[in-house]
Amino acid sequence: MIEVEVPLKLTLFGEHAVVYGEPAIAMAINEKMKIKIVPYHKMILKSNSLSIKGIKVDLEEMKLESEETSKVLSYALSTINFFEKEYGTRKNALIEIESPVDPSVGLGTSAAVIVGIVGGYSRYLGYELTREEIAKISHKIELTVQGLGSRMDTYTTSLGGLIYFHKGGGYEKIRGEIRITAGYIRRIATTAEILKRVKSLKEKNPDLFNDLISSIGKTVNKAKIAIEKGDEEEIGELMYVNHGLLMSLGVTLPPIDNLVSTAKILGLKGCKISGGGGGGSTICLEDERARILLSTIGAKIIDSGISQEGVMIKEINQ
Ligand SMILES: Nc1ncnc2c1ncn2[C@@H]1O[C@H](COP(=O)(O)OP(=O)(O)O)[C@@H](O)[C@H]1O
Ligand SMILES: C[C@@](O)(CCOP(=O)(O)O)CC(=O)O
Ligand SMILES: [Mg+2]
């Protein structure tokens with residue numbers, strides 16, 4: 001049996017802008033997606049946190065027919081099919097995915113599912129991929145499924161730690177400690193849908209869009225220096241600036257905008273959305289009042305402690 005643990009992630013700065021070549025800073029956290037792969041007589045996928053809306057069942061064979069299912073399983077299915085296409089092999093297995101959070105809440109579950117299956121299923125096939133190789137393959141798959149996207153989530157969940165992604169490519173681990181209070185609410189759209197909306201904004205108003213995106217890039221670079229210096233005041237101020245720029249891109253949601261502006265008035269050091277937006281995750285520099293504010297919007301608080309470890313793959317002889 002192969003057991004895989006993949007850290008989820010928080011985007012501290014630079015979401016959306018990183019898709020257009022700007023820098024970003026993300027952090028792997030202690031919330032871990034777990035994937036188990038055991039030999040089986042056919043290919044079965046089990047997942048604890050998915051739900052589908054609307055089903056059609058062939059009552060003769062009790063066979064479920066649902067467009068929605070293949071959409072919701074798109075990341076997992078594309079990853080399994082990747083191996084068949086690239087390696088020409090398909091070894092039946094029972095693949096069980098256990099997520100600590102709901103899908104599509106800005107915590108990188110899409111990336112974690114891909115990274116977990118790439119890491120676990122490649123090992124199941126007898127390959128020993130490095131974390132960097134897992135990240136590279138996973139980014140390719142996530143991009144194929146989403147049509148748009150950056151290397152940020154797949155690299156952060158594969159490699160672990162606090163990572164600065166350079167403008168135009170490459171990355172480096174950042175020394176520095178940042179303590180976050182984080183929670184999430186359900187979303188009104190998936191990241192793929194939100195990415196498409198942001199892209200249409202770019203097409204409609206390229207000059208304005210480019211100014212907004214490069215302002216986010218500047219914010220990210222100032223934040224990197226502030227994190228390395230441990231300057232919490234500056235980090236927090238830049239979180240509010242980044243949130244305001246994301247608001248201009250139209251990816252935030254009123255309840256979260258209200259929370260962020262209330263936090264600023266109350267004197268919390270810094271808050272912003274994290275990830276694709278449209279609801280989902282909100283992060284603040286660690287503060288008890290942030291937990292209270294998050295609970296007022298019904299957010300589920302998560303374990304946002306940093307995970308220095310990236311994807312962990314264990315082979316267990318049964
Ligand atoms: N536990 C899971 N099992 C299978 N697929 C999952 C799971 N969690 C998330 N996914 C996939 O990832 C998609 C969510 O990706 P995305 O919208 O990018 O949100 P996130 O912010 O979590 O990355 C889901 O629609 C589903 O296809
Ligand atoms: C919006 C984006 O910058 C981050 C998406 O994060 P998530 O899938 O919402 O966890 C997209 C990307 O970087 O691929
Ligand atoms: Mg995602």
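Heads up: numbering here begins at 1 and tracks the sequence. In each ligand, atom 1 is the first atom listed, and ligand 1 is the first ligand listed.
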Which protein non-hydrogen atom lies closest to [atom], naming both residue and atom, and how far is it?
atom	result
atom 10 (O) of ligand 2	Gly108 N, 2.9 Å
atom 4 (C) of ligand 1	Leu50 CD1, 3.3 Å
atom 7 (C) of ligand 1	Val113 CG2, 3.5 Å
atom 8 (O) of ligand 2	Thr191 OG1, 2.9 Å
atom 21 (O) of ligand 1	Gly106 N, 2.8 Å

Item to check | Any N/O pair Thr109/ligand 1 closer than 3.5 Å | outcome: yes

Next on the checklist: Can you classify the ring geometry of Tyr171 versus Phe165 as parallel (below 30°), tilted (30 to 60°) or perpendicular (above 60°)?
Outcome noted: tilted

Item to check | Nitrogen or oxygen atoms of His16 and ligand 2 under 3.5 Å apart | outcome: yes

Checklist entry - Charged N to carboxylate O below 4.0 Å: is that the case for Lys224 and Glu172? => result yes

Taking [atom] as the point of reference, which of [options] owns the nearest heavy atom?
atom	options	result
atom 27 (O) of ligand 1	Val72, Val145, Asp153	Val72
atom 5 (C) of ligand 2	Val251, Leu107, Val105, Asp153	Asp153
atom 17 (O) of ligand 1	Ser104, Ser110, Ser47	Ser104

Checklist entry - If you link I, L, V, M, F, W and Y whenever their side-chain heavy atoms are under 4.5 Å apart, who else ends up in the same group as Tyr40? => result Met1, Val38, Ile44, Leu94, Ile316

Next on the checklist: So, 4.0 Å and heavy atoms of Ser49: is ligand 1 close enough to count as a contact?
Outcome noted: yes

